[in-house]
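Everything below concerns the one structure shown next.
Here the structure is a predicted model, which is why all the values come from computation and not from measurement. Each chain gets a letter, A, B and so on, in the order its sequence line appears, and its residues count up from 1.
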There are 2 protein chains.
Amino acid sequence: MSLPHAILTALLERPSSGLELTRRFDKSIGYFWSATHQQIYRELGRLEAEGFIRALPAAQPARGQKKSWDVLPAGRAELARWTAASQEPRPHRDTLLLRMRAAAVVGTEGVEADLRRHLALHRRQLAEYREIEERDFPPGRDGAQDRLRHLVLRAGIDLETFWTRWLTHALEEFPDLPGDGTA
Amino acid sequence: MSLPHAILTALLERPSSGLELTRRFDKSIGYFWSATHQQIYRELGRLEAEGFIRALPAAQPARGQKKSWDVLPAGRAELARWTAASQEPRPHRDTLLLRMRAAAVVGTEGVEADLRRHLALHRRQLAEYREIEERDFPPGRDGAQDRLRHLVLRAGIDLETFWTRWLTHALEEFPDLPGDGTA
DNA sequence: ACATACATGTAAGTTGTTACATGATTGG
DNA sequence: CCAATCATGTAACAACTTACATGTATGT
């Protein structure tokens, strides 16, 4: 659904090889659209077959050879079409909230440790986003592209802030709770 | 992954038929773990095969006959095990943020209308959550189960609040932006 | 008797995940 | 030349989506 468009966006920002893309999907783009290298290679093949991208002719396509990909005009057009199109919000799936709901039924035994772990993960991610903000969006510069990208980063920062607060709040409630929901 | 556990939670909260479950996954549980009726029927079959649930003997299993499902002790144990187990956070995939990032490259032409539509959807969802909060969690009552379920609902409210704010902020920036990112 | 809604399912296709395979390059 | 790493892939499977199929109950 959206993976090809995530890849087109990434390649427009900077032409890359499959592995470079994979690395970029571990951060940046991957913060809101994750993908594994297998998905990426398969999708690169499809995008090439559809005439949306091409391999830069620099190196010939041998097996262990690095290949760099470039977006063709048809690919840019497809991305623009997709970006402007009306899209239904995709359904949420959040494991933590589901687990809390399950814990309300079967008891909170053993959950606390993992909540602390998740809190630490979210704090780390929040710190990383803030570093990126300081580095890439110092006060002053604000071109159109910068403003949009900053907006996306702010969403990440605010979401991680929400989760750290929510988890902190959840953990505060914990000591008072019995082990099996029998209040 | 988590669908069987979402179903076990729902059935522990209240034994239901396949279609009743489907309805409940359109709200309540579905707010943080969506599922279609096809997924649900298939998973009910698996859960029965594994001995986690059983069909209540009330009506015989004819084709158009309503069947009601009940969680067996093994099912409750499995849910408790899953709830307490350590789990990696699943990767995010957010279409709106991806589209903003794409718009930063190919231009914002045509995006605004759909952002307004999403804003309306999130406002509606937020209003619905607030109604549920007033109805189900009036000040005063707070058993252990209530507190946990309220916590989950608060997450929904805060997340929708975040999205309405973010979308409002995004739309405020729009009129100043050129159509194709050439600032 | 017919249309409609209810209720449970099947089939096919796409996407995402996990495990493995293969060649090239680099450092010791 | 050997191990480790880089780089690109294949295969098999699991999850999710979309479209369709089938039977039951109800109202007219």
For the pair made of [atom1] in [X] and [atom2] in [N], what is the distance, rounded to whole Å?
{"X": "R23(A)", "N": "dT8(D)", "atom1": "CZ", "atom2": "P", "answer": "10 Å"}
{"X": "I7(A)", "N": "dT8(D)", "atom1": "CD1", "atom2": "C1'", "answer": "14 Å"}
{"X": "E20(B)", "N": "dA7(C)", "atom1": "CD", "atom2": "C1'", "answer": "11 Å"}
{"X": "R46(A)", "N": "dG13(C)", "atom1": "CZ", "atom2": "P", "answer": "14 Å"}
{"X": "L19(B)", "N": "dA25(D)", "atom1": "CG", "atom2": "P", "answer": "15 Å"}
{"X": "I40(A)", "N": "dG16(C)", "atom1": "CD1", "atom2": "P", "answer": "11 Å"}
{"X": "L21(A)", "N": "dT8(D)", "atom1": "CG", "atom2": "C1'", "answer": "13 Å"}
{"X": "L56(B)", "N": "dA7(C)", "atom1": "CG", "atom2": "P", "answer": "16 Å"}

Task: Aromatic ring pairing Y31(A)/Y129(A), orientation class (parallel under 30°, perpendicular over 60°, tilted between) - done: perpendicular
- [ ] Check the angle between the aromatic planes of W82(B) and H5(B) and answer parallel, tilted or perpendicular using the 30° and 60° thresholds.
- [x] parallel
- [ ] State yes or no: are the ring centers of H92(B) and F32(A) separated by less than 6.0 Å?
- [x] no
Task: Set of residues satisfying salt bridge (Lys or Arg N to Asp or Glu O under 4.0 Å) with respect to R116(B), sequence neighbours excluded - done: E112(B)
TODO: Look at Y41(B) and dT8(C) and indicate whether a side-chain polar atom (N or O) is within less than 4.0 Å of OP1 or OP2.
DONE: yes
Open item on the list: Please check this pair: side chain of D70(B) against backbone of I53(B), looking for a donor-acceptor N/O pair closer than 3.5 Å.
Closed with: no
Open item on the list: Can a donor-acceptor pair be found, under 3.5 Å and without considering hydrogens, that links the side chain of W69(A) to the backbone of L8(A)?
Closed with: no
List every contact pair, protein side and nucleotides 16-19 of chain D side both N or O, where the distance is under 3.5 Å.
residue	atom	partner	partner atom	Å
dC16(D)	OP2	Q39(B)	NE2	3.3
dT17(D)	OP2	R93(A)	NH2	3.4
dT17(D)	OP2	Q39(B)	OE1	3.4
dA19(D)	N6	Q38(B)	NE2	2.6

TODO: May I ask you to say what S17(A) touches in the nucleic acid, namely base, sugar-phosphate or nothing, with a heavy-atom cut-off under 4.0 Å?
DONE: sugar-phosphate
